[in-house]
Amino acid sequence: YVRMRGKTLPVNTVEEMKKRIIVEKPGTLTSFLEKFNEYMHVIAGDREAIKRIAREFVEDKAKEGVIYVEVRYSPHLLANSGVKEIPWNQEEGDLSPDEVVRLVNEGLSEGEREFKIKARSILCCMRHMPSWSKDVVELCKKYKDEGVVAIDLAGDESLNCEANPEHMEAYEEAVRCGIHRTVHAGEVGPASVVKEAVEVLKAERVGHGYRTLEDDDLYKKLLAQNMHFETCPISSKLTGACNADFTTHPVITFMKDKANYSLNTDDPLIFNSNLHHDYQTAHQHMGFTEEEFKRLVRSNHSASFLPSSISSHQSLLIQDIYCKTSKCKLCFKD
Ligand SMILES: O=c1[nH]cnc2c1ncn2[C@@H]1O[C@H](CO)[C@@H](O)[C@H]1O
């Protein structure tokens with residue numbers, strides 16, 4: 001397949017590829033993000049692959065027991081035309097970011113029908129590519145009723161800390177048009193990035209947000225505001241965002257303070273992980289009780305970016321293993 005597309009990979013088997021991609025030991029956010037260079041040039045620009053990955057993503061989540069998921073990606077990083085600076089050294093082709101979004105929407109919808117769960121998407125602006133952000137918010141507007149629920153700002157916070165004016169303009173437009181907003185902030189960057197995300201970009205959720213805890217005033221304010229933190233325990237260990245010792249993890253503080261947060265995977269491929277692993281880690285190493293999991297399920301439900309009329313009935317981010325082991329009464333799955 002790789003050869004058929006005129007692309008090359010440095011290996012010949014899936015196993016060898018996994019070895020190159022999977023992060024096993026704690027590293028840095030930058031080294032994690034560099035893993036995308038290993039394979040994105042093969043997928044980007046390939047209509048069939050993009051749609052298939054979206055569909056199979058829903059399959060994987062359904063198998064994990066998830067019944068509602070919000071998945072995020074950068075449409076520009078999968079395109080090879082209509083992008084200023086075509087990514088991954090691709091030759092120019094004819095797949096635009098707009099068509100990428102349509103393909104992902106189709107793949108997710110097929111997956112929804114086939115696997116009987118709900119999947120929505122969040123489109124990412126990239127910190128190092130401010131010139132893409134206007135397109136991203138326009139795509140969020142265009143596909144608002146076809147599965148796209150929010151805008152995000154992703155990328156390497158350790159290199160690009162302060163939001164560029166173009167990101168700010170995109171987020172202003174999102175506010176104006178009623179597009180939901182989340183921002184990766186305080187993962188490896190300081191608490192000031194979180195403050196900017198909330199106060200300037202008007203984020204309704206914070207991606208990761210661990211380093212919020214370094215600014216006590218900000219943390220108290222966000223607790224009072226019921227700000228949602230999208231935490232990712234396994235990711236935070238392997239990107240070096242948090243200490244590898246889970247018993248001192250910021251999520252434990254969120255739990256003790258009854259903060260509004262969720263447990264998420266971030267990148268199951270590169271971390272060779274899944275949601276079970278994050279929940280299990282919380283249970284085994286962070287002292288999570290059944291009560292706390294139940295509280296999480298309820299708060300995740302209202303933090304979802306679905307319209308409230310839908311979210312109050314059908315959207316529970318909940319995990320099978322947890323339901324089975326605890327006979328969870330909250331699980332609406334039929
Ligand atoms: O944990 C993260 N922090 C910052 N950026 C990330 C993280 N995970 C992924 N991406 C970036 O967001 C894009 C969409 O997933 C990816 O292409 C990657 O560059």
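Just follow the structure's listing: the first ligand is 1, and inside any ligand the first atom is 1. Nothing here was measured: the structure is a model prediction, and the numbers come from that model.
Between the side chain of Arg72 and the backbone N or O of Glu70 there is no donor-acceptor pair closer than 3.5 Å.
Nearest to atom 2 (C) of ligand 1 by heavy-atom distance, out of Glu187, Glu230, Glu34, is Glu187. Of the listed options Leu33, Leu78, Asp156, Leu33 places a heavy atom closest to atom 18 (C) of ligand 1.
Side-chain N/O atoms of Asp94 and Ser81 include no donor and acceptor closer than 3.5 Å.
With Ile117 as reference, Lys61 is the one residue of Lys61, Glu64, Lys63, Glu112 to meet the side-chain contact (heavy atoms from CB on, under 4.5 Å) rule.
Annotation for ligand 1: atoms under 4.0 Å from non-hydrogen atoms of His208 are 1 (O), 2 (C). Numbered from 1 in the order shown, with element, the atoms of ligand 1 that lie under 4.0 Å from a heavy atom of Leu77 read 17 (O). Taking every non-hydrogen atom of Phe36 and a distance limit under 4.0 Å, the qualifying atoms of ligand 1 come out as 16 (C), 17 (O), 18 (C).
In terms of protein heavy-atom proximity, atom 19 (O) of ligand 1 is nearest to Met126 CE, 3.3 Å. The protein non-hydrogen atom at the shortest distance from atom 15 (O) of ligand 1 is Arg72 O, 3.8 Å. Protein heavy atom nearest atom 5 (N) of ligand 1, with residue, atom name and distance: Gly155 N, 3.0 Å. Counting only heavy atoms of the protein, atom 8 (N) of ligand 1 lies nearest to Asp266 OD1, 3.1 Å. Scanning all protein heavy atoms for the shortest distance to atom 12 (O) of ligand 1 gives Ala154 CB, 3.3 Å.
Between Tyr73 and ligand 1, no N or O atom pair is found at a separation short of 3.5 Å. Residue Phe32 places no N or O, backbone or side chain, under 3.5 Å from any N or O of ligand 1.
With contacts defined as side-chain heavy-atom distances shorter than 4.5 Å, the pair Cys232/Phe271 does not qualify.
By the 30° and 60° cut-offs, the orientation of the rings of His184 relative to His208 is tilted. The aromatic rings of His283 and Phe293 sit tilted relative to each other, their planes meeting at an angle between 30° and 60°.
Judged as a salt bridge (Lys or Arg N to Asp or Glu O under 4.0 Å), the pairs with a partner in residues 28-38 (not counting sequence neighbours) are, in order, Arg20-Glu38.
Under a 4.5 Å side-chain heavy-atom criterion applied to ILVMFWY residues, the cluster that includes Phe305 comprises Ile122, Val149 as well.
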